[in-house]
Amino acid sequence: MPNYRRPFRPRRPARGLRRLDRLPPGVRKPLIRLRRAHGLMEQGKFKQAGAIFDDLATGAENRGLPRASQLKLQAGRCWLLAGKTEQGLDRLKDGLGLMVAYGQTDRLDTVSQRILGDLKGNGFEEEAKQLEVSIRDLLSKAQQSGVSTRTQKSLPILPSICPKCGASIHPEEVEWINNWQAICDYCGSILQAKG
Ligand SMILES: [Zn+2]
């Protein structure tokens, strides 16, 4: 059987991730770190992943980028799974607080429920209880300011992984631009619905 593989084939990114080398460095660098953080998480290296998410979240927060909330939440998840419960809980509270600050209140309830389910599913019962108190507080504040939670409807199918940064996509939590396009919470790239 002849070998058709060319000798200097560039290394392909894992699982259908798009190559980033045509992007300007200012965009590419954070994306590479984001991909790395998601990859480390998948490998169970939560401490290293948490440190990168922390850093990216601070950077985004300093620049007033709405994705800071999602990055904080992901950092929280990492720290909890790394056994740093206090640090993890702090990040989760910060992340949910940022969602309110950035006006992402229509997704707050859905995101909160997922996080609480995630905590309980990983044996963090006590932490879930603590976070529930903060969430109730945040939700009541959001509702007082006249914001309603999004009505659930059937959503088009999005890729399960962001092709740019490798983040897991939750269709019910992303921001939809129109009926067939949504924005990745982590890197801001546009996700195209299938069919
Ligand atoms: Zn992305």
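Every number for a ligand or one of its atoms is a count from 1 in the order of the listing. This chain uses plain numbering: 1 for the first residue, then up along the sequence.
Distances under 2.8 Å from the Zn ion (ligand 1) pick out the protein N/O/S atoms Cys162 SG, Cys165 SG, Cys184 SG, Cys187 SG.
Checking side-chain atoms of Asp55 against main-chain N and O of Ala51 turns up no donor-acceptor pair under 3.5 Å. Side-chain atoms of Trp176 come within 3.5 Å of backbone atoms of Pro171 as a donor-acceptor pair (strictly under, hydrogens ignored).
Every residue meeting the side-chain hydrogen bond (donor to acceptor under 3.5 Å, both in side chains) condition with Gln104, not counting sequence neighbours, appears here in chain and number order: Ser69.
Sorted by first then second residue, the side chain to side chain donor-acceptor pair (under 3.5 Å) pairs that include residues 80-98, not counting sequence neighbours, are Asp54-Arg91.
Ring-plane geometry between Tyr186 and His38 is classed as perpendicular, the angle between the planes exceeding 60 degrees on a 0 to 90 degree scale with a lower cut at 30.
Grouping Ile, Leu, Val, Met, Phe, Trp and Tyr by side-chain contacts under 4.5 Å, direct or through others, puts Ile190 with Ile177, Ile183.
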